[in-house]
Amino acid sequence: MQLTEEEQAMLNGRYGRATQKAMEILFALGTIYGAERMLPVASAQIAGVSYDNLGEAGLEFLSEMVDGGGKVRIFSTLNPAGMDIENWRVLGISPDFAKHQKRVIELFARMGVLTTCTCTPYLAGNLPGFGEHIAWAESSAVCYANAVIGARTNREGGPSALAAAITGRTPAYGMHLDEERRPGLGVVVEKWQLSEPASLIGREASETHWFGALGKLIGEKMQSAGGRPVPYISGIPYATLEGLKSFCASLATYGGAAMFHMEGITPEAIQFSLPAEDVTISFNEVVASWQSLNGAAPEEVDFVSLGCPHLSIQEIARIAHLLDGRHVVKEFWITTSRPVKQIADQIGYTGTIEASGARFATGTCCVVAPIKGRFTAMATDSAKACYYASAKNDFKTVFLPFDDVVSLALGDQIISHPVTQSHR
Ligand code: F3S
């Protein structure tokens, strides 16, 4: 791989041990993937923040980087942590865990990372431009950045995203190259609009579970096609930001996708047409995909969570509207980033929501928090959250439209629970 003089100096240790280590990581990655050179990147999104996943080994790596003089050179933000840094006691997090988690966040802060603690950095100030090269970890945000924004990033891991933040570089391979962004699998979705029950629930809150179910289905088709081809999807007439963020999280979880094109919706789709190899998806299959994640009856639910990926301010507005003057009867976590929560504070949504007994879990989520064993069944509108609730926390799942998740938390009748057997 060709390095510039400055990159070679980083590798030789002229900028200190942490920068050298960071360039070693990137050089090794670039060599494995056949990169010819490094690219300058405009921003980094760093994952591997929850102490629940990092453990002492991760803390040790971060300490070494700080001790070696590690400082970020580019705008760098952080993924969710294992707890809300302010509200952790109310959420039942142990003081011991809190102590370790605070050390992790402090180490990132000392390197100059903005401790936004969100998986939707694009809603919290880290919004790249079309065609911009970036180095992001967090699979849902990677998919959103590539497909919806048209920025360019591989699915970085925690160490490689931090390495990119410290050096301002990433190896030029994968999603940074035009040829890797070409679609390889056509997906025709039939009768999507006709089957959208927008009139029942209200457009702003009706899409997320459908897009989650669709992402799961297409993700599984990608896996069976082998080699994880970039899907080109036609037949979706419109999508909101919230629908797309749900879709990205699901497609990345079930298909390992870093990129897709959606005809008429994503910015690079116009450069391509439907690939010769294609599959057709009927809306009945999408319904079946939705049903497959319902493994519990609503009465079994003892934990309710919205905000995977982290909520937009519009979604919080919707929750405040639905909870206004009511009281929840189940543990209900609302997960979002600190900047979005601060907007909610200012407008008054936080007061309305907290008066209902629901709790904000800011800068964390139902997956990265250490809650295994605390609950039996979780209700959510997120296909990604269902996957990890089952795989990581051993919860049963109830997968509902956004508004019905709130209804369940309130103890109201659910309109649309598909009664099925467990998916596990
Ligand atoms: Fe974000 Fe946690 Fe879901 S990191 S995408 S809310 S699993």
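Keep in mind the model is a prediction, meaning the values are calculated, not measured. When a ligand or atom number is given, it counts from 1 through the structure's own listing order.
Scanning all protein heavy atoms for the shortest distance to atom 4 (S) of ligand 1 gives Pro80 CG, 3.6 Å. Protein heavy atom at the shortest distance from atom 2 (Fe) of ligand 1 is Cys365 SG, 2.3 Å.
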Open item on the list: Quick one, Trp210 with Ser246, criterion side-chain hydrogen bond (donor to acceptor under 3.5 Å, both in side chains). Give me CA distance, side-chain angles, the key distance, then yes/no.
Closed with: CA-CA 9 Å; Trp210 286 129; Ser246 175; over 6 Å; no
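Phe61 is not listed as a side-chain neighbour of Leu54, based on a closest heavy-atom distance of 4.5 Å or more. Taking 4.5 Å as the limit, some side-chain heavy atom of Glu156 sits within range of a side-chain heavy atom of Thr170.
Relative orientation of the Tyr51 and Phe97 rings is perpendicular, given thresholds of 30° and 60° on the angle between their planes. Using bins of under 30°, 30° to 60° and over 60° for the plane-to-plane angle, the ring pair Phe399/His209 lands in the perpendicular bin.
When each atom of ligand 1 is checked for a heavy atom of Glu138 under 4.0 Å away, the hits are 5 (S). Using a 4.0 Å cut-off to heavy atoms of Cys119, the atoms of ligand 1 that qualify are 1 (Fe), 4 (S), 5 (S), 6 (S). Residue-ligand proximity, Lys384 to ligand 1, at heavy-atom distances under 4.0 Å covers atoms 5 (S), 7 (S). In summary, the atoms of ligand 1 found under 4.0 Å from a heavy atom of Ser140, numbered by their order in the structure, are 5 (S).
Results of the side chain to side chain donor-acceptor pair (under 3.5 Å) test with His176 over Arg181, Arg152, His133 single out His133 as the only residue that passes. Partner of His310 under the side chain to side chain donor-acceptor pair (under 3.5 Å) criterion, chosen from Thr362, Thr116, Thr118: Thr118.
Within the structure, ligand 1 lacks Ala249 among the residues with a heavy atom less than 4.0 angstrom away. Distances shorter than 4.0 angstrom do not occur between any heavy atom of Ala385 and any atom of ligand 1. Distances shorter than 4.0 angstrom occur between a heavy atom of Gly307 and an atom of ligand 1.
At a threshold of 2.8 Å, atom 3 (Fe) of ligand 1 has a backbone or side-chain N, O or S atom of Cys308 nearer than that distance.
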